[in-house]
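See below for the structure under consideration.
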Amino acid sequence: MTKTADSKLSCPVSRMCGGCQWMGESYEKQLQKKQQRVQELLKGICPKVNPIVGMEGSPCHYRNKVHAAFAEDERGRIISGVYAQGTHRVIPVEECLIEDQRADQVIGVIRHLMEKFRIHPYDEDSGRGLMRHVLIRVGKMTGQMLVVLVIGNSHFPARAAFVQQLVKECPFITSVVVNLNGFKTSMVLGPSSRTVHGKGFIEDVLCGKRFGISPQSFYQINHAQTEKLYSLAVRYAGLTGNERLLDAYCGIGTIGLVAADHCKEVIGVELNKDAVQDAIRNARRNNAQNIRFFQGDAGQFIRGMAARKENLDVVMMDPPRAGSDEKFLKSVCTLKPERVVYVSCMPETLARDLKYLTKNGYRCVEATPVDMFPHTMHVETVVLLSREKADDYVRISVHTKDLKTSMN
Ligand code: SAH
């Protein structure tokens with residue numbers, strides 16, 4: 001891959017891979033296009049869209065989570081990479097411009113060790129072979145690395161020797177997990193895992209807090225931009241120390257734990273069991289006494305809060321791409337928190353949900369797009385909404401140039 005004079009990057013497999021849709025554009029142009037997309041979608045819904053918060057320096061190798069599938073080429077050599085779009089045909093990728101570089105190095109070592117130990121890639125159709133995927137997670141601040149070897153058959157010959165050799169060649173690996181996934185599925189991880197080296201998870205430091213992250217839990221993939229995103233979300237929440245805040249779709253509790261220092265009480269809700277367990281441990285890790293986590297559907301959970309007429313000052317919501325649902329949004333409108341901070345990774349579903357909220361007692365104050373995914377078409381946006389009739393509302397205006405990457 002190369003860097004051209006006008007700051008465009010080029011990758012030899014970008015067309016076949018399809019992961020970085022905007023690789024051929026300069027970074028400035030990419031930011032402009034993302035800004036435009038958010039502005040267009042929020043037109044008539046949000047009166048102010050601030051300039052996008054881009055990545056400083058060279059936006060490369062930012063992905064802290066790396067995944068590769070294994071296959072054999074026509075000559076029977078092990079290859080690893082991504083599936084061609086809409087298929088399970090592996091396109092070989094040895095170096096990726098956006099992935100963590102040490103992770104790519106580890107994948108190269110795994111390919112080499114598979115040859116050495118005569119381990120074949122798993123073939124979904126015949127059910128033969130062993131190694132199916134590898135998933136790598138890196139703690140950008142701690143340097144910790146978790147390698148999840150996903151196998152299609154439960155018998156892993158010479159597993160201990162394989163793992164020992166892997167860790168010997170890549171001593172920065174802090175943990176190795178073997179995950180069994182023999183199902184015909186597009187999910188990378190199967191339901192059963194076994195830790196064969198280290199703790200079975202990694203830790204990272206974000207906004208001054210320490211987080212443990214298990215293989216199945218969600219964790220934002222761009223560390224530097226996540227700090228900016230969370231700082232902005234917490235500022236939008238306008239916390240004075242007296243608030244009761246709901247962190248909905250909370251993952252491992254990151255936003256809630258960052259906000260907990262600035263409010264009275266935080267309640268987190270998350271569907272994924274592993275993530276909730278991580279969140280509870282993360283509260284202990286950071287000695288946070290004013291935060292509790294619940295496992296379940298965010299919509300159902302908040303409906304229960306509304307039925308009990310609980311008091312809520314701020315709702316922080318960060319749903320997956322599909323956005324939230326009417327059950328959730330309706331209960332927000334019943335509970336009437338003063339402010340709603342909506343963090344979204346999909347502007348189309350964001351616009352849909354904002355329309356609902358603005359028809360039901362809220363107004364959008366401002367939005368800021370944040371570039372979490374350089375070289376791709378994806379864009380994150382954080383929006384502040386306020387209750388329409390709140391006359392004690394203090395306008396919180398955040399200028400992107402004032403953003404700090406730390407909450408301290
Ligand atoms: N706020 C977190 C996680 C955001 S990703 C962070 O910044 O890291 C969205 C999260 O929503 C994922 O953890 C996913 O497991 C969770 N989720 C998806 N559907 C959900 C639902 N119906 N109810 C609660 N959580 C849900």
Side-chain angles (χ1 to χ4, degrees), residues 53 62-65 137 139-141 187-189 191 201-207 209-234 236-237 245-260 266-283 285-286 291-306 314-332 340-347 349-350 353 370 372-373 378-383 407:
V53 181
Y62 60 83
R63 271 197 79 97
N64 60 18
K65 179 174 153 188
R137 288 196 120 143
K140 285 278 176 186
M141 298 303 282
M187 303 280 282
V188 174
L189 298 179
F201 61 91
I202 54 155
E203 288 172 300
D204 202 9
V205 177
L206 195 61
C207 299
K209 304 274 173 203
R210 201 170 179 91
F211 296 100
I213 310 139
S214 302
Q216 301 268 17
S217 301
F218 178 88
Y219 184 58
Q220 299 282 358
I221 54 106
N222 185 330
H223 185 275
Q225 293 300 93
T226 303
E227 290 202 325
K228 294 179 194 168
L229 178 76
Y230 286 0
S231 307
L232 193 46
V234 173
Y236 274 177
L245 178 145
L246 176 71
D247 179 10
Y249 310 90
C250 70
I252 60 166
T254 42
I255 303 183
L257 277 159
V258 173
V266 178
I267 302 139
V269 59
E270 160 64 44
L271 196 58
N272 180 311
K273 289 195 179 79
D274 289 355
V276 176
Q277 280 189 352
D278 284 346
I280 293 167
R281 290 194 195 108
N282 288 333
R285 233 182 219 106
N286 292 286
I291 190 162
R292 280 177 302 153
F293 293 100
F294 296 89
Q295 192 254 322
D297 168 63
Q300 251 164 8
F301 183 81
I302 195 172
R303 197 155 65 177
M305 288 183 89
V314 181
V315 166
M316 183 78 81
M317 54 189 289
D318 183 9
R321 280 188 194 169
S324 190
D325 53 27
E326 197 168 330
K327 193 169 37 170
F328 185 91
L329 298 170
K330 196 174 168 191
S331 303
V332 170
V340 175
V341 180
Y342 194 136
V343 179
S344 157
C345 54
M346 181 61 112
T349 55
L350 170 70
D353 293 349
V370 179
M372 304 285 281
F373 318 102
H378 302 290
V379 59
E380 195 89 8
T381 311
V382 52
V383 182
M407 294 305 299

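All ligand and atom numbering here is 1-based and tracks the order in the structure.
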- Query: For Q300 and V269, what are the C-alpha separation, side-chain angles and deciding distance, and is it a side chain to side chain contact (heavy atoms under 4.5 Å, CB included)?
  - Reply: CA-CA 10 Å; Q300 251 164 8; V269 59; over 6 Å; no
- Task: Under the ring pair (Phe, Tyr, Trp, His ring centres under 6.0 Å) rule, collect the residues that match up with F218, sequence neighbours excluded.
- Result: none
Any protein N/O atoms within less than 3.5 Å of an N/O atom in ligand 1? List the atom names and distances, or say none.
residue  : atom   : partner : partner atom : Å
ligand 1 : 1 (N)  : Y249    : O            : 3.1
ligand 1 : 1 (N)  : D318    : OD2          : 2.9
ligand 1 : 7 (O)  : Q220    : NE2          : 3.1
ligand 1 : 7 (O)  : Y230    : OH           : 2.5
ligand 1 : 7 (O)  : D318    : OD2          : 3.0
ligand 1 : 8 (O)  : Y230    : OH           : 3.3
ligand 1 : 8 (O)  : T254    : OG1          : 3.4
ligand 1 : 13 (O) : E270    : OE1          : 2.8
ligand 1 : 13 (O) : E270    : OE2          : 3.2
ligand 1 : 15 (O) : E270    : OE2          : 2.6
ligand 1 : 22 (N) : D297    : OD1          : 2.7
ligand 1 : 23 (N) : A298    : N            : 2.8
ligand 1 : 25 (N) : L271    : N            : 3.2

- Listed by chain and number, what are the side chain to side chain contact (heavy atoms under 4.5 Å, CB included) partners of I267, not counting sequence neighbours? R244, L246, E265, R292, F294, F301, M305
- Task: Quick one: list whatever passes side chain to side chain contact (heavy atoms under 4.5 Å, CB included) with K273, sequence neighbours left out.
- Result: Q295
- Task: Find out whether Y219 and T226 are in side-chain contact, i.e. whether some heavy atom of one side chain is under 4.5 Å from a heavy atom of the other.
- Result: no
- Would you say K330 has more than 12 foreign heavy atoms packed within less than 6.0 Å of its NZ? no
